[in-house]
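Before any comments, here is the structure.
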Amino acid sequence: MSEFLVSLLGERLVNSEKAEVDVQSLGAKLSLVGLFFGCSLNAPCKQFNGSLCEFYSRFKKTSEHKDKLEIVFISSDQDQKHWQDFLHEMPWPALPFKDRHKKMKLWNKYKVTSIPSLVFVDAATGKVVCRNGLLVVRDDPKGLEFPWGPKPFAEVVAGPLLRSNRQTTDSSSLEGHYVGVYFSAHWCPPCRSLTRVLVESYRIVKESGHKFEIVFVSADRSEESFKQYFSEMPWLAVPYSDEARRSRLNRLYGIQGIPTLILLDTEGHMITRQGRVEVLNDPECRLFPWHPRPVLELSESNAVQLHEGPCLVLFVDAEEEGELEPAKELIQPIAEKLMAKYKAKEEETPLLFFVAGEDDMSDSLRDYTNLPEAAPLLTILDMSARAKYVRDVEEITPAVVEQFVSDFLAEKLKPDPI
């Protein structure tokens, strides 16, 4: 266990007294580590830190598991004094300020897209136990549900579900169905846009004979708004009054923003977190139930994924439909191999794969990242780290791509700034 924590966090952390904390000894009794991603200049982070301090102090004083949990602060501060001042408010250690490389690796590994964020991970393996620790602190202030591990969807959603005609059905009616868990709210314009598309997708899938249901988990600010929004939906919803169940579902899937559409298979296992992208990219629902594809064609609807971690993007000279196929076929075996490797370890793949032709979306991405105009051009873009890696060669072969990916994952490549 200690060896793994050292590989994850490094050999030394620091505390508010500027003293070093030995990770090897820290990991002796731990079973869970909470990675607190935040910034001293962010007001919500400051506010959450106060709540987390209360939670941590209570847990360390009263819980029978007090020696099994530690929090580690992962800062995005740019100013060392601000970071140091914030650290003085914390009773737990932090990653050293200067260890920016380790910080970015953790941000990418756990796909943190907003702050504050608290991710609980297994101290022995680094696997995510709970992605939305903010809700743990709010919903389980005494830490009675430690270690907050994921429960089956059927258990978390258990109870009555509403239809917009005010009839109710039990969640057991979802058994044997593909399920979309839809986190959305009426006040959110992208949510309303997606809902209009999703209504049509729902109709198409149902009429094609698939056993498919959607469960709306509202983030509306009042029951009146919920009712108004839900009246537009032909599927089921968790009652707005059941705030605890809505929160447990948010916690189960680590929801960090809306709209989010989680797709589950007939056994309740996750197919994809990217239901929104899949629905927008496949209006005729030909690819339902939308299993992850190894290689995506870059588009406006899926470009958001470029910000969720490092992405390999192969730019090619292609303007017409179908001209991207040779490029996809070139990198697909490498992408499939990587997906299979990390799926076997029950981890998310550390790299997404895209091909991009000549269009406005690709031009914008090239301009934003200051890439050369060459085509074909092999790149890895890491937006959160504002870093890019470029392999500009005359001929891009599977061997070239595989070596590029291998070198990136082994941290052998030197990044250029975006």
Side-chain angles (χ1 to χ4, degrees), residues 31-38 42-66 68-73 90-92 110-123 127-162 171 181-185 187-188 215-223 225-226 237-260 262 264 268 270 273:
S31 62
L32 203 67
V33 176
L35 301 175
F36 173 25
F37 297 86
N42 179 280
C45 288
K46 297 279 283 186
Q47 184 176 1
F48 175 69
N49 187 63
S51 301
L52 185 57
C53 284
E54 290 179 20
F55 173 89
Y56 181 87
S57 175
R58 188 184 301 114
F59 188 90
K60 290 293 185 180
K61 287 178 182 176
T62 64
S63 175
E64 60 182 299
H65 306 293
K66 60 185 178 183
K68 295 182 179 179
L69 171 70
E70 189 52 272
I71 306 290
V72 178
F73 179 47
M90 302 177 184
W92 48 77
Y110 296 108
K111 299 191 184 303
V112 176
T113 57
S114 62
I115 54 173
S117 184
L118 178 63
V119 182
F120 288 112
V121 303
D122 187 296
K127 290 182 181 176
V128 174
V129 173
C130 177
R131 194 175 292 278
N132 200 332
L134 278 68
L135 292 181
V136 168
V137 172
R138 189 191 76 181
D139 297 345
D140 185 25
K142 295 182 179 179
L144 301 178
E145 296 177 37
F146 178 90
W148 309 295
K151 297 176 180 177
F153 169 71
E155 181 180 332
V156 177
V157 80
L161 297 172
L162 301 178
S171 59
V181 191
Y182 184 35
F183 298 86
S184 185
W187 53 261
C188 160
V215 177
F216 169 43
V217 184
S218 172
D220 287 295
R221 292 165 177 159
S222 70
E223 181 138 16
S225 293
F226 162 76
V238 176
Y240 185 80
S241 58
D242 197 342
E243 185 176 351
R245 191 163 28 144
R246 290 191 287 123
S247 183
R248 285 196 298 271
L249 285 162
N250 272 273
R251 193 201 309 176
L252 177 63
Y253 296 113
I255 303 303
Q256 297 186 25
I258 55 172
T260 295
I262 305 287
L264 308 178
M270 188 186 299
R273 303 180 63 86

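The basis for the numbers below is simple: all heavy atoms, side chains too, and nothing from hydrogens, waters or symmetry mates.
The two atoms that bring Phe120 and Gly34 nearest to each other are CD2-CA, 3.6 Å, heavy atoms only. Closest of all the heavy-atom pairs between Ser117 and Val112 is CB-CG1, 3.8 Å. In plain terms, the two heavy atoms of Leu118 and Leu52 that are nearest each other are CD2-CD1, 3.9 Å. Residues Gln256 and Lys111 approach most closely at NE2-O, 4.0 Å, considering heavy atoms. For Ala123 against Val33, the heavy-atom pair with the smallest separation is CB-CG2, 4.1 Å.
Using a 4.5 Å heavy-atom threshold, the side chains of Pro116 and Asn49 count as separate. Using a 4.5 Å heavy-atom cutoff, the side chains of Pro239 and Arg245 are in contact. In this structure, Phe153 and Ser171 have side chains that are not in contact, with every pair of non-hydrogen atoms separated by 4.5 Å or more. Two residues are said to be in side-chain contact when any heavy atoms from C-beta on lie closer than 4.5 Å; Ile258 and Trp187 meet this criterion. With contacts defined as side-chain heavy-atom distances shorter than 4.5 Å, the pair Val136/Phe55 qualifies. With a 4.5 Å cut-off on side-chain heavy atoms, Leu249 and Val238 count as touching. Pro259 is listed as a side-chain neighbour of Cys188, based on a closest heavy-atom distance under 4.5 Å.
The aromatic ring centres of Tyr110 and Phe37 sit 6.0 Å or more apart.
Results of the side-chain contact (heavy atoms from CB on, under 4.5 Å) test with Asp139 over Glu145, Arg248, Glu243, Arg251 single out Arg251 as the only residue that passes.
Under the 30°/60° scheme for interplanar angles, the aromatic rings of Phe36 and Trp92 are found to stand perpendicular. Between Phe183 and Tyr253, the two ring planes are perpendicular [angle over 60°; tilted spans 30° to 60°].
In this structure, Leu144 CG and His65 NE2 are separated by 9.5 Å, a value rounded to the nearest 0.5 Å. Atoms CG and OG, on Leu162 and Ser241 in that order, are 7.5 Å from each other to the nearest 0.5 Å. Between the OG atom of Ser51 and the CG atom of Leu134 there is a distance of 9.0 Å, given to the nearest 0.5 Å. To the nearest 0.5 Å, the span separating OG on Ser31 from CZ on Phe146 amounts to 3.5 Å. With rounding to the nearest 0.5 Å, the separation of SG in Cys53 from CD1 in Ile71 is 9.5 Å. To the nearest 0.5 Å, atoms CD1 (Ile255) and CD1 (Ile262) are separated by 4.5 Å.
Looking only at distances, no side-chain donor or acceptor of Trp148 sits under 3.5 Å from a matching main-chain atom of Asn132. A donor-acceptor pair under 3.5 Å links the side-chain atoms of Arg246 to the main chain of Tyr240, judged by distance alone. Listed for the Lys60 side chain is a donor-acceptor partner under 3.5 Å among the backbone atoms of Lys66. Judged by distance alone, the side chain of Thr260 and the main-chain N or O of Gly257 form a donor-acceptor pair under 3.5 Å.
Heavy-atom contacts from other residues, nucleotides or ligands closer than 6.0 Å to CD of Gln47 number 12 or fewer. Within 6.0 Å of NZ on Lys61 lie no more than 12 heavy atoms contributed by other residues, nucleotides or ligands.
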